[in-house]
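All remarks here apply to the structure that follows.
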Amino acid sequence: MEPLLNFLSSLGRMTLNFLRATGDGAEFTAKVVVACIRRPFYHKEFVRQMIEIGFYSLPVVALTTFFSGMVIALQTYTGFSQLSAEGAVALVVLVAVTRELAPVMAALMVAGRIGAAMAAEIGTMRVTEQIDALSTLNTNPYQYLIAPRVLAGIVMMPVLVLIGDILGVCGGYLVGVYKLDFNATTYLINTWNYLKPMDIISGLTKAAVFGFIIALLGCYNGFHSKGGAQGVGQATTNAVVSASILVLIFNYLLTEAFFNV
Amino acid sequence: MTDIQIEMKKVSKAFGKKVVLKDLDLTINRGESVVIIGGSGTGKSVTLKCILGLLHPDKGEIKFNGKNIGMLFQGAALFDSLTVWENVSFAVLQQKGMTRERAKKIAIEKLAEVGLKPEVADVYPADLSGGMKKRVGLARAIAIQPDTLFFDEPTTGLDPIMSDVINDLIVRCVKKLGATALTITHDMTSARKIADKIAMLYEGKIIWMGTVKELDKTDNPYVRQFVAGSSQGPIRMSVKADEA
């Protein structure tokens with residue numbers, strides 16, 4: 001009887017913790033949304049975060065998407081050549097990069113770089129009472145700290161993904177032309193002809209959603225960090241892991257939404 | 001208009017099973033400087049955070065009749081990403097029509113009031129010593145001419161001379177502003193210097209309150225033990241982490 005009671009007790013505790021975390025997350029999200037649409041708006045912080053997310057993440061996103069485009073061209077050729085469908089390489093590279101690879105790879109890279117940095121910065125502010133200090137200086141921490149980061153995430157992720165789209169397709173083109181001996185002009189014409197606005201739109205929509213998720217979870221984990229250095233470290237890990245998982249879950253949900261479009 | 005600036009009635013606060021404040025009553029009159037003393041983990045910081053609205057009490061009532069506040073945090077809590085003058089003028093910069101030039105001028109004036117030179121204005125907090133950080137924190141607290149000032153362990157981590165400098169600055173700033181002040185500390189030298197009245201917090205309640213003169217004459221064994229800094233007496237320090 002006792003093992004059963006212990007099991008039920010653990011199950012109850014886990015359920016309560018899950019519900020509490022979900023409620024906290026929902027409350028935090030609602031406060032952030034309100035902070036994003038209410039005045040005052042801290043322009044300087046917003047621009048600083050746009051540079052942090054957009055400019056400083058560009059090298060890592062560029063490299064990742066460029067090499068992903070190259071890899072997808074090679075792998076597609078390997079498979080499609082067995083069906084004598086080598087001509088579809090340009091199409092597959094285009095669709096894979098714009099709809100999937102660029103948004104997802106960029107999001108995972110940004111989650112590792114920016115999500116972690118946000119959690120660490122805000123977490124340190126929490127444990128050194130800087131967030132409490134903001135409140136005593138008549139400043140809403142949600143408006144000053146969180147809203148600029150979340151808005152910058154929503155704005156800059158699509159910009160990064162658009163650049164990633166171009167570089168990914170360029171990577172595929174280089175492999176197609178210089179490694180697989182496709183005609184350069186034909187490859188470019190095929191890419192242009194296959195290009196549909198919805199491929200780009202769906203990728204950019206995903207990017208904006210991923211930007212929101214990464215910034216929100218980075219801020220949430222930092223904002224709720226406890227203790228000292230260990231608490232901040234834990235918040236940083238949680239921010240990256242939870243953002244990466246949610247990016248992959250939302251990638252499927254958004255792909256499903258855009259599936260027949 | 002009432003003369004009471006801060007009033008706490010039957011305030012209770014618990015974290016899980018640990019009860020920190022238990023039906024706490026405290027009244028602070030306008031223009032008074034009250035210091036709350038008590039051992040570590042007795043709820044001094046929680047009391048302060050409840051008054052500031054940073055924590056919500058589980059029970060009870062808190063009335064605050066001030067208009068604006070200034071707060072000096074234990075570690076100064078300066079914003080790392082801003083320069084000293086931007087820290088000092090942080091609240092000033094939020095005011096409508098305030099230019100950065102004017103805000104910097106105000107910041108330099110406030111820095112002078114706490115004995116810091118204008119050269120410090122463009123430095124980042126990471127480049128300051130502990131004592132200088134406290135002074136900058138004090139300059140930030142008084143920048144918007146608050147009518148109520150809060151000090152959280154203002155001398156913790158400072159050498160005795162710098163502690164005395166900070167105590168003098170606190171007394172001078174509070175008098176100059178004519179502000180009500182609430183300080184929490186376990187530094188008795190600091191408490192004697194800053195306080196009009198001293199309140200002792202023990203097991204979540206104010207167990208004694210009086211002037212500095214009354215402090216030296218009291219028969220309250222808890223207060224006498226705390227003031228003497230003796231391990232012998234009714235106050236038993238917790239040694240287990242979960243009891244702290």
Side-chain angles (χ1 to χ4, degrees), chain A residues 13 16-17 20 24 27 31 35 38-52 56 117-149 152 219 222-232, chain B residues 15-16 45-46 48-56 64 66-83 86-96 98 100 103 125-126 133 136-146 148-153 156-157 182 241:
Chain A
R13 220 173 5 251
L16 281 175
N17 285 340
R20 195 176 296 125
D24 284 349
E27 187 191 1
K31 283 182 177 171
R38 275 179 68 179
R39 285 186 174 189
F41 182 68
Y42 295 92
H43 303 89
K44 201 178 154 191
E45 272 300 297
F46 178 60
V47 171
R48 191 167 80 90
Q49 292 306 323
M50 286 214 300
I51 293 168
E52 195 64 44
Y56 290 115
M118 284 180 184
E121 189 180 354
I122 295 177
T124 305
M125 287 185 78
R126 167 61 75 200
V127 299
T128 56
E129 295 186 307
Q130 290 177 52
I131 294 178
D132 289 343
L134 275 177
S135 299
T136 64
L137 292 164
N138 292 327
T139 303
N140 182 337
Y142 286 90
Q143 284 178 296
Y144 183 76
L145 286 179
I146 319 286
R149 284 168 170 77
C219 294
F223 205 79
H224 292 92
S225 62
K226 285 175 187 161
Q230 195 183 9
V232 176
Chain B
F15 296 96
S45 294
V46 174
L48 197 60
K49 286 185 176 179
C50 283
I51 296 170
L52 289 167
L54 299 172
L55 285 175
H56 299 290
F64 176 67
K67 286 184 183 134
N68 49 13
I69 62 162
M71 166 93 187
L72 173 59
F73 286 85
Q74 189 172 345
L78 301 177
F79 306 124
D80 307 321
S81 58
L82 304 179
T83 61
E86 287 171 323
N87 265 283
V88 173
S89 278
F90 190 89
V92 175
L93 276 165
Q94 319 291 325
Q95 291 167 359
K96 266 192 175 176
M98 178 58 67
R100 285 178 68 78
K133 279 182 187 169
V136 175
L138 183 57
R140 183 175 70 180
I142 61 172
I144 53 162
Q145 310 279 338
T148 314
L149 280 162
F150 296 93
F151 303 101
D152 183 1
E153 307 274 9
T156 296
L182 176 61

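Given the structure is predicted, the values throughout are model-derived calculations rather than measurements. First the proteins, then the strands, lettered A, B, ... as listed; each starts at 1.
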Which portion of A:Thr139 sits near chain B, non-hydrogen atoms under 4.5 angstrom | side chain

Side chain / backbone / both / neither for A:Leu134 at chain B, heavy atoms under 4.5 Å | both

Which class fits the ring pair B:Phe90 and A:Tyr144: parallel under 30°, tilted 30 to 60°, perpendicular over 60°?
-> perpendicular

Are any non-hydrogen side-chain atoms of A:Asn138 and B:Gln94 less than 4.5 angstrom apart?
-> no

Going by heavy atoms in the side chains, are A:Leu137 and B:Arg140 under 4.5 Å from each other?
-> yes

Is the CZ atom of A:Phe41 crowded by more than 12 outside heavy atoms at less than 6.0 Å?
-> yes

Are there more than 12 heavy atoms of other residues, nucleotides or ligands under 6.0 Å from atom CD of B:Gln95?
-> yes

Check each atom of [X] against the heavy atoms of chain A and say whether the ones under 4.5 Å are side chain, backbone, both or neither.
X: B:Leu52; result: side chain
X: B:Leu82; result: side chain
X: B:Asp152; result: side chain

Could you tell me which non-hydrogen atom of A:Glu129 sits nearest to which non-hydrogen atom of B:Ala77, and how far apart they are?
-> O-CB, 3.6 Å

Here the pair of heavy atoms bringing A:Met125 nearest to B:Phe79 is CE-CD2, 4.1 Å

Taking it one step at a time, do A:Thr136 and B:Phe150 satisfy side chain to side chain contact (heavy atoms under 4.5 Å, CB included)?
-> CA-CA 10 Å; A:Thr136 64; B:Phe150 296 93; over 6 Å; no

Going from OG on B:Ser81 to CZ on A:Arg48, what distance comes out if it is rounded to the nearest 0.5 angstrom?
-> 5.0 Å

What is the distance from atom OG of A:Ser135 to atom NZ of B:Lys49, rounded to the nearest 0.5 Å?
-> 10.5 Å

Evaluate the side chain to side chain contact (heavy atoms under 4.5 Å, CB included) criterion for residues A:Gln130 and B:Asp80: first the C-alpha distance (whole Å), next the side-chain angles of each, then the deciding distance (0.1 Å), finally the verdict.
-> CA-CA 9 Å; A:Gln130 290 177 52; B:Asp80 307 321; 3.2 Å; yes

Can you sort out the partners of B:Thr148 under side-chain hydrogen bond (donor to acceptor under 3.5 Å, both in side chains), two or more places apart, ordered by chain and number?
-> B:Gln5

